[in-house]
Protein chains: 4
Amino acid sequence: MNDIGHNSDNATGNELKQFIERIERLHEERKAIADDIKEIYGEAKGRGFDVKAIKHIVSLRSKDANAVQEFEAIVELYKSSIGMA
Amino acid sequence: MNDIGHNSDNATGNELKQFIERIERLHEERKAIADDIKEIYGEAKGRGFDVKAIKHIVSLRSKDANAVQEFEAIVELYKSSIGMA
Amino acid sequence: MNDIGHNSDNATGNELKQFIERIERLHEERKAIADDIKEIYGEAKGRGFDVKAIKHIVSLRSKDANAVQEFEAIVELYKSSIGMA
Amino acid sequence: MNDIGHNSDNATGNELKQFIERIERLHEERKAIADDIKEIYGEAKGRGFDVKAIKHIVSLRSKDANAVQEFEAIVELYKSSIGMA
DNA sequence: GGCATGGGGCTTTAGC
DNA sequence: GCTAAAGCCCCATGCC
């Protein structure tokens with residue numbers, strides 16, 4: 001009965017509690033979506049696809065094409081500068 | 001085979017594309033939730049709360065929930081590992 | 001008093017404690033090395049190198065060359081099958 | 001200066017190579033420690049201990065150490081966020 | 001505006 | 001081989 005934060009005469013505590021609970025609810029939703037994503041990868045795997053490769057493609061599609069090319073360019077530059085095939 | 005755009009006789013490409021698009025849709029949903037969370041923090045900030053402190057509290061509440069379960073587990077573990085079945 | 005594990009007449013608890021402490025010591029050493037690695041990346045960055053690219057090269061060097069090529073091949077296959085440039 | 005594959009006038013390549021080799025050396029050391037840890041678990045197993053339980057205990061001890069610090073932090077955080085400076 | 005810190009997501013590895 | 005957990009990487013935020 002002495003819990004700070006849920007007495008009607010502690011408006012600040014109440015408000016804070018409401019914010020926290022809304023955030024925690026969204027965290028749950030976010031986790032549910034993460035689980036859905038995992039489930040889809042499981043399906044794809046069950047259909048014979050290479051999950052790692054799909055993840056890589058999804059990642060590539062989400063990135064700026066120029067940025068990807070520039071990154072690959074510098075990797076090649078470094079590789080040649082150290083005599084790597 | 002450069003079936004650009006995916007022909008109906010490229011069943012594999014079609015299936016793969018479906019998987020990828022479902023994943024990307026979920027990524028969008030996940031991002032929308034992340035934005036909602038940020039929005040709530042913005043509200044809280046506007047109401048005079050310390051966003052960093054709230055984040056810390058939310059984090060600790062999440063960890064504490066796990067800690068309770070783990071504590072119960074360790075009691076049994078200690079007992080069994082020292083032969084106190 | 002249930003101070004299990006540090007009485008001289010509890011040989012099992014003592015032995016267990018020794019194992020745990022040896023492990024924890026190694027965990028500390030491992031962390032020190034991880035910190036050293038981060039420090040080197042910091043040096044490289046200070047010398048004008050692209051840290052992300054170096055990490056990628058280190059990763060490539062640690063992997064089997066054939067495996068890398070095979071992975072890249074399947075990614076290209078998937079990309080073409082969905083009409084991705 | 002005698003390294004095959006890069007000339008002494010390729011100072012950048014040399015420097016990069018040095019960074020990479022230092023990192024790879026640390027990776028090896030880190031792996032050696034990981035092997036040591038596995039070895040200790042093997043010893044413990046040979047002495048009749050439950051490896052999984054020990055790992056769990058080590059993990060919890062690590063987390064508990066953090067939890068103590070975080071607990072002290074949260075007390076202040078709660079106080080300040082509800083205006084109990 | 002760069003830097004350091006922390007949180008979230010991804011990858012990889014260990015165990016079943 | 002699959003699932004769970006640990007380490008790593010990246011990004012977003014706060015600080016200097």
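Hydrogens, waters and symmetry mates play no part in the numbers below; they use all other heavy atoms, side chains included. Chain identifiers are assigned alphabetically (A, B, ...) following the order of the sequence lines, protein sequences preceding nucleic acid strands; residue numbering begins at 1 within each chain.
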Worksheet item: Hey, is B:K31 close enough to B:E28 for a salt bridge, meaning N to O under 4.0 Å?
Response: no

Worksheet entry | Along DNA chain F (nearest heavy atom to each residue), the more 5'-positioned of D:K55 and C:Y41 | D:K55

Worksheet item: Will you find, in the side chains of D:K55 and D:S59, an N or O donor that is under 3.5 Å from an N or O acceptor?
Response: no

Discussion item. Can you measure C:D35 atom CG to E:dA4 atom P for me and round it to whole angstrom units?
Written reply: 14 Å

Discussion item. Could you check whether C:E29 pairs with D:R30 (Lys NZ or Arg NE/NH1/NH2 to Asp/Glu carboxylate O, under 4.0 Å)?
Written reply: no

Discussion item. Please report the distance, rounded to the nearest Å, between CZ in A:F71 and P in F:dC10.
Written reply: 8 Å

Worksheet item: How many Å lie between CG on D:N66 and P on F:dA6, as a whole number?
Response: 13 Å

Fill in: Closest heavy-atom pair and its distance - C:S81, B:L16
OG-CD2, 3.5 Å

Practice prompt. Under 4.0 Å between any heavy atoms, over every strand shown, what does A:K45 touch: base, sugar-phosphate, or nothing? Just pick one.
Written response: sugar-phosphate

Worksheet item: Taking CG from A:D36 and C1' from E:dG9, how many angstroms apart are they, rounded to a whole number?
Response: 16 Å

Item to complete: Determine the contact category for A:S59: base if any of its heavy atoms lies under 4.0 Å from a base atom, sugar-phosphate if only primed atoms, P, OP1 or OP2 are that close, otherwise nothing.
Response: nothing

Worksheet item: Under 4.0 Å: is that the gap between some side-chain N or O of B:K38 and OP1 or OP2 of F:dT13?
Response: yes

Discussion item. Nearest whole Å is fine: how far is E:dG8 P from A:I23 CD1?
Written reply: 11 Å

Item to complete: Using a heavy-atom cut-off of under 4.0 Å over every strand shown, decide if B:K63 touches base, sugar-phosphate, or nothing.
Response: nothing

Worksheet item: Separation of C:H27 atom NE2 from F:dG7 atom C1', in whole Å?
Response: 12 Å

Practice prompt. Identify whether any heavy atom of B:K52 sits under 4.0 Å from a base atom; if not, whether one sits that close to sugar-phosphate; answer base, sugar-phosphate or nothing.
Written response: nothing

Worksheet item: Please give, in whole Å, the distance from F:dC10 P to B:K31 NZ?
Response: 20 Å

Worksheet item: Should D:R30 be listed as having a side-chain N or O under 4.0 Å from OP1 or OP2 of E:dT13?
Response: no

Worksheet, complete the sentence: From NE2 of C:H56 across to P of F:dC8 the rounded distance in Å is 18 Å

Worksheet item: Atom CD of B:E21 and atom CD1 of B:I23: how far apart are they, to the nearest 0.5 Å?
Response: 10.5 Å

